[in-house]
Amino acid sequence: MGGASNTTQRNGTCMSHQPAVPQSTVSPSRTPRRKATWIAAAALSASMAFTGLAVTPAMAANPAVLTGIVLGVGSTESQRIVTWYSSEDNDQVVQFAPTSSLQSGAFPADAATSAATGAANIVTSGGFNRHAALSGLAENTAYSYRVGSGGNWSSTYEFRTQSFDGDFDFLFFGDPQIGASGNVANDGAGWANTLDVALGANPNAELLVSGGDQVETANTETQWNAFLASDKLRQYPWVATIGNHDVGGKAYEQHLYTPNTDRSSALYANGNPASNTSGGDYWFVYKDVLFIDLNSNSYTTSSGGGGDAAHVQYVTDVVNQHGGEAKYTVLVYHHSIYSAASHAKDSDNKVRRVDFPTTFSKLGVDLVLQGHDHVYTRSYEIKNGQKANPNEQPGQDEVFVGPGGVIYMTANSASGSKYYGITNPDASGTSGAGNGADPLKPSNYWYNSVQSQENKRSYVQVKVRKDKLVVEDIRSEASGANPVLSVVDSVTIHKNHGDGQELQVDVPAASPGEFGWTIDGTNRLVDLGTATEQDLEFFHAAGSINPITVTDTRVSLAPWTVAAAVGDFHDGAKTFSGKYLGWTPKLVNAGAGATAGAGVGSGFDNGSGLKTSRQLASAAQGHDRGTAGLGADLDLKFPNTVAKGSYRATMTITALAG
């Protein structure tokens, strides 16, 4: 709930009353009576309150050392997952708040917290792992966060959400594989530079997607430290993928917690999730894209896992259940089935090349992102394991895919730690598992439109647009005469819409509308005239407030209330209480769901009258939008001991729009 708060008071001039005519009989002397009053109008007030629950976790005897903090993707645009290492096994949280609410770096008292869960790390890693989800995030908002517990916090980091609908860009990175060159520091520096270059050129990129092989040796924490050193991995959500160099230990799962993850035995290469290995498949929907990420290390049943059949079933189930939530389906896994370098003819990749493509075509997959071979390739349109359009030309920069057409891409090294040279086609065939030559460009494999190996770092940018995907391989390192940020390859993939015509309309965010009110007319004085004495006991005056027009066009149809209270009546030093004023609210013009408030009698008879704020009118949640005219008949009844004068009071009108 919310709104801004604003209250205005205006003084009015008033009414007067004349002294009573003396009676002919003798009576006790009394103070001359007068009567006076009024009341004028005031202003809109809305209030906002945020309520939070701050929990102070128990502290361990020694302050925890908090390392390896990484921001991960959540299950939707409104969620992120933070993962980290801790030296101590104590209760910890992620604390987060809109950056605008921090004061001199200090988090507000009502900052949100999300309790972390985790477990002990494997012995070679030491310590403990923690992760927590940041849920309920608002779009187009900068957030600050930190991990730990009261009195022992990490540094503060910031990320920004963007619109939860519409076009967006994400970046795809092939095998950083820190340590593969034998020099962890150099590999880490190359990786950090690629992140700096890519995000310097694309600061509004919304996801960083992994092609797998974050490190060279699965459980070597010095390599993980170098991989995670860049603060970019605490500012942009990382979409993790298991590579063959990550899978042989638990450090991958300890460092990179993923949403909606199926960790059943069939999706582990050895069929044993409890073993010192990582695994599992996961999915999430981000704007118009359904992402599905597979553990391609599990491809055969001979080692105990469910093999490719388990992945095929997983992808089928996810697409059937969630494909309707997105316009595009993008698959990510490590082992490229259509590559061009040292792994192109590997027997395991030939198995996947037979097992995957027909299902992917059947399910309407649009793009497959892969790594593993440390080379850049972009396939032709592939359908059911064959080139779909014999007339598609090598390097064609625009592809209009037909039903079942899929584009497969392999990313080169993002760190420069290792490159593989392009290998030559053979005579094993030009479909299915074959590695034969492309008739249109015999130096290429039959399935590849583009093959490139410059032995220079690069990354892939994917631009998701309402009717196309634009995919570009971009240099993060100069290559000969080609500077940093020059383009290696670019293709625009136009989505297939079947045989009929699909209709599309872009619906902008509805105007939130407004709530407001005005007092009719220009004279804000309500003159109650001259009071008359009644039964030698009290004075009485009456009148009506100037009508108030309320207009509510908010699409939220949230409730509203207009109320008023009156202060004491004054004439110089002379005064009498505002409690003597009562009213009977009424609708001058019905509309905006308005219901008149209850009548309030003068406090002369009983109660506090309008000295206490009273409801003039209100509307419930879900009311009609529109305009209402509010009014009230006033009844002023006060003791005849009040001194003669011309009295004035101020009525404050308050509108609360929820």
Side-chain angles (χ1 to χ4, degrees), residues 68 70 72 83 121-122 124-125 172-192 194-195 208-230 233 238-258 267-270 272-273 275-282 293-300 303 305 311 332-337 339 341-344 346-349 352 369-376 410-421 457-459:
V70 58
T83 310
N121 287 333
I122 57 175
T124 55
S125 297
F172 178 61
F173 299 94
D175 306 50
Q177 204 168 328
I178 305 301
S181 72
N183 190 321
V184 170
N186 283 355
D187 297 350
W191 168 232
T194 291
L195 288 172
L208 310 181
V209 181
S210 166
D213 279 0
Q214 277 76 196
V215 296
E216 167 70 9
T217 311
N219 291 330
T220 302
E221 290 296 340
T222 54
Q223 296 175 5
W224 280 103
N225 291 342
F227 169 74
L228 295 171
S230 172
L233 296 178
W238 183 248
V239 181
T241 301
I242 305 175
N244 60 300
H245 286 266
D246 306 315
V247 75
K250 279 295 183 188
Y252 172 90
E253 290 183 358
Q254 292 170 176
H255 278 293
L256 302 170
Y257 194 85
T258 51
L267 301 177
Y268 280 73
N270 64 1
N272 185 6
S275 65
N276 188 15
T277 186
S278 292
D281 294 352
Y282 73 98
D293 197 287
L294 306 178
N295 171 26
S296 59
N297 297 284
S298 178
Y299 73 97
T300 178
S303 299
H311 298 306
V332 188
Y333 53 81
H334 181 60
H335 297 80
S336 174
I337 65 175
S339 66
S342 296
H343 293 302
D346 287 357
S347 59
D348 59 322
N349 281 335
R352 298 182 189 92
L369 300 174
Q370 310 155 114
H372 190 50
D373 214 9
H374 299 252
V375 67
Y376 175 77
T410 310
N412 207 338
S413 172
S415 69
S417 65
K418 182 194 291 186
Y419 302 101
Y420 291 139
R457 291 181 282 112
S458 66
Y459 65 93

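- The closest side-chain donor-acceptor pair between Thr410 and Asp373, if any, does not fall under 3.5 angstrom.
- Atom OG1 of residue Thr124 and atom NZ of residue Lys250 lie 12.5 Å apart, to the nearest 0.5 angstrom.
- Side-chain contact, Ser125 with Gln254: a donor N or O sits under 3.5 Å from an acceptor N or O.
- Side-chain atoms of Gln177 and His374 include a donor-acceptor pair closer than 3.5 Å.
- For the atom pair CG of Asp293 and OG1 of Thr241, the computed distance is 3.5 Å after rounding to the nearest 0.5 Å.
- Put simply, CG on Asn297 and CD1 on Ile242 are 6.5 Å apart, with the number rounded to the nearest 0.5 Å.
- Between Tyr282 and Val239 the shortest side-chain heavy-atom distance falls below 4.5 Å.
- Between His372 and His335, the ring-plane angle classifies as tilted under the 30° and 60° cut-offs.
- Side-chain contact check for Glu216 and Thr220: no donor-acceptor pair (N or O, by modelled atom type) lies under 3.5 Å.
- No donor-acceptor contact under 3.5 angstrom links the side chains of Asn412 and Ser458, judged on distance only.
- Distance CH2/Trp238 to CG/Leu233: 6.5 Å, rounded to 0.5 Å.
- Defined by atom type and a distance below 3.5 Å, a donor-acceptor pair is present between the side-chain atoms of His311 and Asp281.
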